[in-house]
Amino acid sequence: MSVIDEIKQRLDIVDVVSDYITLQKSGRSFKALCPFHTEKTPSFFVFPERQSWHCFGSCGVGGDVFSFVIKKEGVEFGEALRILAQRAGVTLVSKQKEKREDKEAERLYQLNEATAQYYHKLLLDSKDAEIARSHLKKRGISQESTESFQLGFSPNSWDALYQHMLARGYKRDELVRAGLVMEKEDWGVRDLFRNRLMIPIRNEQGSIAGFGARALDDSTPKYLNSPQTAVFDKSGILYGIDRAKRAIREQGLAIIVEGYIDVIIAHQYGFSNVVASMGTSLTPKQVVLTKRLTTNISLALDADAAGDEATLRGLDVAREAFTEEKSPDWLGSTSKLVGNLKIIHLPRGKDPDEVIRESPENWRKLVDEALPVMDYFLEAVTLKLDLSKEGQRAAAAEQLLPRISEIADSVERELYLKRLANLVGVDERVLAGKAARRKPTQRERSKKAVSLPSAKVLGHPLEEYCLSLLFQHPELRDEGQKLSPDYFEGTENSELFLAWRASPDVESLRQNLDASLWEHLDSLVTRELPPATNKELETALADCTRRLRGQRLRMIKAMEEMLILEAASEGDKNVIKERVETILQKALEPSMQLRDLFEEEERARKGAKQ
Ligand SMILES: [Zn+2]
């Protein structure tokens, strides 16, 4: 999350504006005399749901919390950012500090790379590594895989790696920070990994972030990972993602298994969309990582773990990470389960690598037959409980109802309610009533508390798409001049647009921009857009411009309509009359513009058909 998003998420626009002027509650919004022009009746409104403000009086302007502070304090974006960051308790990281951290990370990657090379060479050449080589042979891992995954062997020594790295100019401190050696007062420095099969773990960009290590004797733990370091966070990495990402994108499916060896064997047999969850159940960070590539995830689960409380909880976490806040219009938001989370049933007692080696055909079949996660829940509960007993039927309903009532799609929800009704022998209407009356569980309540402020950071996807087009395609400059800074509600976006308009190219644009916006600029400049011809690009930008304009006009109209309704419900005839009159006068404007826009859209549609 960028600092700008973080600040927006932490602050409530109502609190911030209240620091400057006195707001008065008015239905779902707050009103005040406009601080930017002189007036007798309030026409300045703050909308908490949208986290925006708008003056319906003579200024006719609006925006988010940043633009309010910029205008009110008469400062530039950078200064507004500092003011709001301090208020939100968000630390602004200076560019120097960021550079220092980048340098530190770079050094750790380098160090890990050197370590991997050392262990790899030992595995290939050393006599002591015979035990590791025969283990690989037993697991069916080919020479080619051994080399391309850069597998290695850590010798049975207290300080072989330490001495090797010191001799190459690495320092004791940085080896400790990389988690490769441990430092204790009583015995000095020791290698962390001894007599183990070493598996370098690469991040999405392909840099080695840490290591997984399997014991080759009966030492415990059987699997040992690098500790958390500046570059290694187990919960945010998927093993194999660097080489799987392309296949995942192309096939529109990510298969997540548990073990490193599973991934290596899968890739060896040509199943290149397989990654591993690092031995834990799937974390939200891992789901986010995958979601950037595809919204279809299939999890391979051991039959022994079916119905396991821990497994089910893990699936709930994954399911939640799959749920996204969607904003259908400017009023409020709804959450919706996006994508497909499915479960691959493994035969009892078998890991994916065994299944694949025995019969790639069978693996393909298991993947095809993966069950939607809700079916899996149904099955798991049925498996665990004896549904011929009344009490256990009630327990089944209790476990499944909360999960079913969270399904956003009503048709799908009905379907599962029906199946649950059949399963527990209760009329589905009774269940539906129960689901509706059900008190939210603690988990759901805490989830709500978390998801409410996040509705604030839905962002402005259309604005950002539009800017990406402009930044990546200089040939669109003429068409882009048709946009107005007013179309951008996110101040970070309107700032970028203004800077773009004033600069001949993206490099000089950066020079004209507050440094706090560089990160946002970079994300838009490097964002992947589908390949398109010049003609298609022009159409895309024109569409985007029209939609932004329409969005703004519709929003203003909807706000005005809401204000009229609220005035009506307040019951003060004079207020209503006054407000309706001013609003009607102004409302004509967006209405006319909307009509123009509609005609323009019609023309564009017809043009596209010819
Ligand atoms: Zn005003």
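Just so it is clear, the values below take in all heavy atoms, side chains as well, and ignore hydrogens, waters and symmetry mates. As the structure is a computational prediction, the values presented were derived from the model and not from experiment. Sequential numbering from 1 along the given sequence is applied to the chain's residues. In each ligand, atom 1 is the first atom listed, and ligand 1 is the first ligand listed.
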Inset, instruction - Could you give me the CA-CA distance, side-chain angles and deciding distance for Phe47 and Ile13, then say whether side chain to side chain contact (heavy atoms under 4.5 Å, CB included) is met? - result: CA-CA 8 Å; Phe47 302 94; Ile13 191 168; over 6 Å; no

Legend entry - Ring centroid separation Phe44 to Trp53 under 6.0 Å: yes

Legend entry - Candidate pair Arg177 and Thr229, rule side chain to side chain contact (heavy atoms under 4.5 Å, CB included), full reasoning: CA-CA 7 Å; Arg177 282 205 303 280; Thr229 71; over 6 Å; no

Legend entry - Test: Arg50 and Asp64 ion pair at under 4.0 Å: no

Inset, instruction - For the pair Glu104 and Arg107, find out whether any cationic side-chain nitrogen is under 4.0 Å from an anionic carboxylate oxygen. - result: no

Legend entry - Ring-face cation contact, Phe45 with Lys31, 6.0 Å cut, 45° max: no

Inset, instruction - Mind listing the protein N/O/S atoms less than 2.8 Å away from the Zn ion (ligand 1)? Waters don't count. - result: Cys34 SG, His37 ND1, Cys55 SG, Cys59 SG

